There are 2 protein chains.
Amino acid sequence: MTEPGRRVRRTPEEARRLILDTAEALIARTGPEGLRLQDIAAAAGISHPLILHHFGSRAGLVRALTQRAAEELKDRLLAAMTQPEYSTGEGIDRVFEAFRGGLAQRLAWLAMEHRDAQRGKPPGPGPQAGVDGDAETASILRQIADVLHARRLAAAPPGQAPLREDTVWLVHLVAAVAFGDAIYGEQLRRSAGIADEEEGARRFRQWLAALLRDHGDGGQPPVG
Amino acid sequence: MTEPGRRVRRTPEEARRLILDTAEALIARTGPEGLRLQDIAAAAGISHPLILHHFGSRAGLVRALTQRAAEELKDRLLAAMTQPEYSTGEGIDRVFEAFRGGLAQRLAWLAMEHRDAQRGKPPGPGPQAGVDGDAETASILRQIADVLHARRLAAAPPGQAPLREDTVWLVHLVAAVAFGDAIYGEQLRRSAGIADEEEGARRFRQWLAALLRDHGDGGQPPVG
DNA sequence: CATTATGTTGACAGAATTGTCAATAGGTAT
DNA sequence: ATACCTATTGACAATTCTGTCAACATAATG
């Protein structure tokens with residue numbers, strides 16, 4: 001089957017993508033303890049020195065994962081929150097979906113690991129100013145708030161224009177609750193005595209959508 | 001100074017408490033990578049086999065930490081959410097404070113680590129029915145919702161009694177957003193262009209308190 | 001004071017992890 | 001074809017981590 005001397009040779013970009021994809025899947029599935037070079041290599045069908053070759057060190061891999069997670073969050077959240085149906089139930093659903101597939105876990109893990117990595121660094125100004133990945137996250141909520149606020153201004157009755165700060169906190173709220181829900185929502189729901197997890201999660205999203213619609217329209221009761 | 005043969009001898013409860021306290025502090029400070037028996041032992045001023053002696057294995061220690069974190073969450077949330085001033089700004093503040101000191105990080109980490117531990121276990125019914133720590137979390141939101149709902153019913157004008165489900169989701173929302181905020185709030189705020197983190201966090205809590213007061217009272221605009 | 005029970009520790013074993021290095025092999029250019 | 005570049009790998013090194021074990025020390029009990 002596998003003749004000796006049969007190697008796959010990828011472009012550096014392909015190799016990096018393969019490694020990052022596999023690492024992401026592992027983090028999502030096996031939790032924080034699951035980022036071992038050998039495991040990643042085994043799951044990707046490569047040898048672990050290849051990871052070192054492409055990322056320099058384990059820390060380099062973590063840095064790349066952080067950047068990628070931030071980028072992914074930006075893409076998904078922007079897509080979910082700036083579409084026309086946002087603030088209807090479907091819009092909220094899409095925001096919650098944005099954190100699925102382990103992205104929330106990855107972000108939480110990286111946020112913690114990141115504080116770790118910063119510890120011990122000399123406080124002097126490093127080669128690049130911001131923290132790694134900051135360039136990606138830097139303006140994500142700001143961009144979303146921009147789009148959303150323009151829409152709210154257009155939709156608001158004259159004399160009742162919402163403050164921009166209100167829109168920012170609205171976006172912040174949805175992002176934070178979706179994040180918290182992705183990580184701890186299931187256990188919260190169980191602790192509230194909700195039996196059907198799938199159904200419970202759905203109803204919570206609907207309730208939240210109604211709450212926000214209510215707030216955004218200035219007091220109109222939800223339809224249902 | 002330290003004569004040879006000078007040992008501290010604790011009661012098992014004291015020893016366990018010392019170890020758990022130290023481990024919690026380490027998790028909060030050094031992130032997920034920081035739970036090494038030797039580190040805990042060094043920080044606690046003991047030798048690492050003592051941890052194995054009291055908890056059997058590293059997994060046993062994690063189990064104990066999980067139970068303790070759940071208990072702590074229950075205590076803090078109950079205290080924060082069932083006091084009279086809840087749903088005012090101060091009440092919300094206290095809920096957010098409940099997750100401070102690394103509790104949110106610990107819960108997130110343990111939630112992930114836990115899925116890890118479950119993986120590999122045979123799907124058949126184990127010796128104890130529930131997952132470890134579930135006995136502690138089992139009813140926390142339910143208890144809070146009970147207290148809160150009674151108060152809402154008493155305060156509501158006749159004919160406008162809120163549904164119990166509404167109260168449950170209210171509690172769920174606050175818990176989820178406080179959780180998400182504790183872990184990723186700072187980065188969200190930075191990505192929204194908020195300069196002063198302390199001040200930004202405070203204003204968000206105030207805004208959220210106003211939103212909830214608005215919802216709970218049935219449409220009254222907030223004071224500010 | 002002798003005995004028992006057990007909290008506590010140092011030393012060691014085994015496994016696993018990151019990182020290094022020389023050698024191999026798949027493309028590409030000359 | 002030949003030469004060159006570099007993606008890829010197997011084997012090895014060094015460190016570190018969990019877990020074991022016999023020995024020691026401390027408190028309680030007779």
Side-chain angles (χ1 to χ4, degrees), chain A residues 1-23 26-27 30-66 109-110 113 116-117 119-120, chain B residues 1-23 26-27 29-66 109-110 113-114 116-117 119-120:
Chain A
M1 283 301 198
T2 52
E3 304 98 284
R6 194 91 182 120
R7 293 188 192 179
V8 205
R9 189 189 178 93
R10 289 157 276 254
T11 72
E13 290 75 27
E14 276 176 334
R16 285 176 63 97
R17 223 187 37 198
L18 168 66
I19 293 170
L20 290 176
D21 285 346
T22 313
L26 272 187
I27 292 180
T30 73
E33 233 66 359
L35 193 77
R36 282 175 260 256
L37 298 188
Q38 308 206 13
D39 291 356
I40 302 172
I46 60 176
S47 66
H48 86 268
L50 189 59
I51 304 176
L52 280 313
H53 174 72
H54 282 291
F55 294 95
S57 67
R58 201 194 100 110
L61 174 65
V62 170
R63 228 172 305 153
L65 281 169
T66 306
W109 179 75
L110 293 167
E113 180 105 346
D116 231 17
R119 204 177 41 117
Chain B
M1 285 298 197
T2 53
E3 304 99 284
R6 195 90 183 121
R7 293 188 191 178
V8 206
R9 189 190 177 93
R10 287 156 278 253
T11 71
E13 290 76 28
E14 276 176 334
R16 284 176 64 97
R17 225 188 36 200
L18 169 66
I19 294 170
L20 290 176
D21 285 345
T22 312
L26 273 188
I27 293 180
R29 218 182 56 241
T30 74
E33 232 68 359
L35 193 76
R36 280 175 262 256
L37 298 188
Q38 308 203 13
D39 292 354
I40 302 172
I46 59 177
S47 67
H48 87 268
L50 190 60
I51 304 176
L52 280 313
H53 174 72
H54 283 291
F55 294 95
S57 67
R58 200 193 102 109
L61 174 65
V62 171
R63 228 172 305 153
L65 282 169
T66 307
W109 179 75
L110 292 168
E113 181 105 345
H114 204 274
D116 231 18
R119 202 178 40 119

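Keep in mind it's a predicted model, so treat the numbers as computed, not measured. A, B, ... follow the sequence lines: proteins, then strands. Residue 1 opens every chain.
- A distance-only check finds no donor-acceptor pair linking the side chain of A:Arg10 to the backbone of A:Arg17 [under 3.5 Å].
- Residue A:His53 has a polar side-chain atom (N or O) positioned under 4.0 Å from OP1 or OP2 of D:dA7.
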Problem set entry | Intermediate values then yes/no, side-chain contact (heavy atoms from CB on, under 4.5 Å), B:Arg58 and B:Leu35 | CA-CA 9 Å; B:Arg58 200 193 102 109; B:Leu35 193 76; 4.0 Å; yes
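- Going from atom OG1 of B:Thr66 over to atom CG of B:Leu61 covers 9.0 Å, rounded to the nearest 0.5 Å.
- Overall bending of the helix from C:dC1-D:dG30 to C:dT30-D:dA1, expressed as the angle between end axes built from five pairs apiece, is 0° (10° steps).
- Nearest-nucleotide positions on DNA chain C for A:Gly56 and B:Ala15 put B:Ala15 closer to the 5' end.
- Separating the CG atom in B:Leu20 from the CD1 atom in B:Ile51 is a distance of 9.5 Å, to the nearest 0.5 Å.
- Per the geometry, CZ belonging to A:Arg36 stands 16 Å off P belonging to C:dA15, to the nearest Å.
- Here A:His54 lies in heavy-atom contact (under 4.0 Å) with sugar-phosphate atoms only.
- Contacts of A:Thr11 with the nucleic acid, taken as non-hydrogen atoms under 4.0 Å apart, are absent.
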For this session: Decide side-chain contact (heavy atoms from CB on, under 4.5 Å) for A:Ile46 and A:Ile19; before the verdict, give the C-alpha distance in whole Å, the side-chain angles of both, and the deciding distance to 0.1 Å.
Result: CA-CA 9 Å; A:Ile46 60 176; A:Ile19 293 170; 3.8 Å; yes
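- At the heavy-atom level, A:Leu50 lies under 4.0 Å from base atoms of the strands shown.
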Polar-atom pairs under 3.5 Å, protein N or O versus N or O of nucleotides 11-15 of chain D: list them with distances, or write none.
none

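- In this structure, the side chain of A:Arg16 engages the main chain of A:His54 through a donor-acceptor pair within 3.5 Å.
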Give each protein N/O atom lying under 3.5 Å from an N/O atom of nucleotides 27-30 of chain C, with the pair distance.
none

